[in-house]
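These notes are about the structure you will find just below.
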Amino acid sequence: MAKDVTREDGQEARPRISADARKALLVAATAELLFERGFSGTKTRDVTERCGVGTGLLNHYFTWAELRAQAFAGIYAEVVAEQFHAGTPPLPLLDAYLRTTFSPRAVPYLRLWVEATELSAEDRVLAAVLEQCQRAFLDGLTGLLTKLVQEEGWRLPDPAATALRLSAMQDGLAGLLLWRFPGVNAQMAEAQMRCLVDLERGLPQSAVIPL
């Protein structure tokens with residue numbers, strides 16, 4: 001626990017912060033900056049200035065690659081927890097996933113994911129964290145699809161394979177959306193995802209959501 005200290009001049013000094021609290025402060029500040037500015041716009045100086053600490057303290061606890069990777073992991077751990085909340089029934093949970101994946105609120109997350117994917121080719125620390133995040137997402141989506149099979153009677157022969165195909169389509173559409181590919185917008189991207197879900201279920205062609 002932090003302990004208050006009184007200085008010789010009688011003024012109360014700032015409480016001492018534990019090493020764990022300092023690390024958490026650095027990770028949280030880095031996550032905020034990554035979300036606001038992306039990887040290319042976030043530097044060590046930005047983090048230290050936001051935290052009010054020196055570069056030496058940052059380097060004492062982390063390498064820059066480790067700090068960025070931890071911050072990125074924290075951002076997407078929250079995303080997965082929100083997307084696949086265990087207490088929500090599966091049908092509204094799937095609808096919320098499909099409805100919000102390409103919404104304006106999701107764009108900073110999509111942009112950060114695409115940027116991390118590009119950087120991971122030369123950043124082994126980030127590549128390892130990106131893989132963990134991808135596995136957590138696929139596990140969450142597979143679990144959701146499995147519940148739909150068990151509780152709603154959906155016909156999905158292999159929920160894990162369906163989750164993988166949905167994830168691949170999501171990544172591809174996100175790239176096209178961010179690059180402003182002609183004809184690609186959030187509504188069309190959502191419709192494509194819903195179409196794939198229906199095709200995976202083996203629904204008749206007439207029941208598939210049109211573009």
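All heavy atoms count here, side chains included; hydrogens, waters and symmetry mates do not.
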Using side-chain contact (heavy atoms from CB on, under 4.5 Å) as the criterion, point out the one residue from Arg194, Met193, Gln187 that pairs with Glu190.
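Running side-chain contact (heavy atoms from CB on, under 4.5 Å) over Arg194, Met193, Gln187 with Glu190 returns exactly one hit, Arg194.
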
Rounded to the nearest 0.5 Å, what separates atom [atom1] in [X] from atom [atom2] in [Y]?
{"X": "Arg124", "Y": "Leu130", "atom1": "CZ", "atom2": "CG", "answer": "15.5 Å"}
{"X": "Glu152", "Y": "Leu91", "atom1": "CD", "atom2": "CG", "answer": "4.0 Å"}
{"X": "Glu200", "Y": "Leu166", "atom1": "CD", "atom2": "CG", "answer": "6.5 Å"}
{"X": "Asp46", "Y": "Thr30", "atom1": "CG", "atom2": "OG1", "answer": "9.5 Å"}
{"X": "Thr42", "Y": "Leu112", "atom1": "OG1", "atom2": "CG", "answer": "8.5 Å"}
{"X": "Leu25", "Y": "Ser18", "atom1": "CG", "atom2": "OG", "answer": "10.5 Å"}

Please report the shortest heavy-atom distance between [X] and [Y], naming the atom on each side.
{"X": "Gly41", "Y": "Arg37", "result": "O-CD, 3.4 Å"}
{"X": "Thr48", "Y": "Leu58", "result": "CG2-CD1, 3.9 Å"}
{"X": "Ala106", "Y": "Thr101", "result": "CB-O, 3.2 Å"}
{"X": "Leu145", "Y": "Ala163", "result": "CD1-N, 3.7 Å"}

With distance as the sole test, does [X] use its side chain to make a donor-acceptor pair with the main-chain N or O of [Y] at under 3.5 Å?
{"X": "Tyr109", "Y": "Phe35", "value": "no"}
{"X": "Asp123", "Y": "Ser120", "value": "no"}
{"X": "Ser103", "Y": "Thr100", "value": "yes"}
{"X": "Glu66", "Y": "Thr63", "value": "yes"}

CA sep, side-chain torsions, deciding dist, call: Thr55, Arg45, side-chain contact (heavy atoms from CB on, under 4.5 Å):
CA-CA 7 Å; Thr55 304; Arg45 182 177 179 179; 5.9 Å; no

After noting the C-alpha distance and the side-chain angles of Asp139 and Phe84, does the key distance pass the side-chain contact (heavy atoms from CB on, under 4.5 Å) rule?
CA-CA 10 Å; Asp139 287 346; Phe84 307 116; over 6 Å; no

Quick one: does [X]'s side chain get under 4.5 Å of [Y]'s, heavy atoms only?
{"X": "Arg135", "Y": "Leu138", "answer": "no"}
{"X": "Trp113", "Y": "Cys133", "answer": "yes"}
{"X": "Tyr76", "Y": "Phe137", "answer": "no"}
{"X": "Phe39", "Y": "Leu126", "answer": "yes"}
{"X": "Leu199", "Y": "Cys195", "answer": "yes"}
{"X": "Leu173", "Y": "Gln192", "answer": "yes"}

Does one hydrophobic cluster hold both [X] and [Y], with members joined at side-chain heavy-atom distances below 4.5 Å?
{"X": "Met169", "Y": "Leu98", "answer": "yes"}
{"X": "Val125", "Y": "Val27", "answer": "no"}
{"X": "Phe102", "Y": "Leu141", "answer": "yes"}
{"X": "Val197", "Y": "Val149", "answer": "yes"}
{"X": "Val107", "Y": "Ile75", "answer": "no"}

Checking Gln134 against Ser167: is there a side-chain donor and acceptor pair closer than 3.5 Å?
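The answer is yes; a qualifying pair exists.
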
Gln170 side chain to Tyr97 side chain, donor-acceptor N/O pair below 3.5 angstrom
yes

Can we say [X] and [Y] salt-bridge, meaning some charged N sits less than 4.0 Å from an Asp/Glu carboxylate O?
{"X": "Asp158", "Y": "Arg165", "value": "no"}
{"X": "Arg111", "Y": "Glu115", "value": "no"}
{"X": "Arg50", "Y": "Glu36", "value": "yes"}

Before giving the answer on side-chain contact (heavy atoms from CB on, under 4.5 Å), spell out for Leu203 and Arg155 the whole-Å C-alpha distance, their side-chain angles and the decisive distance to 0.1 Å.
CA-CA 9 Å; Leu203 295 182; Arg155 187 176 65 180; over 6 Å; no

Check the pair Asn185, Met188 against side-chain contact (heavy atoms from CB on, under 4.5 Å), reporting the backbone distance first and the verdict last.
CA-CA 5 Å; Asn185 56 41; Met188 186 274 275; 3.4 Å; yes

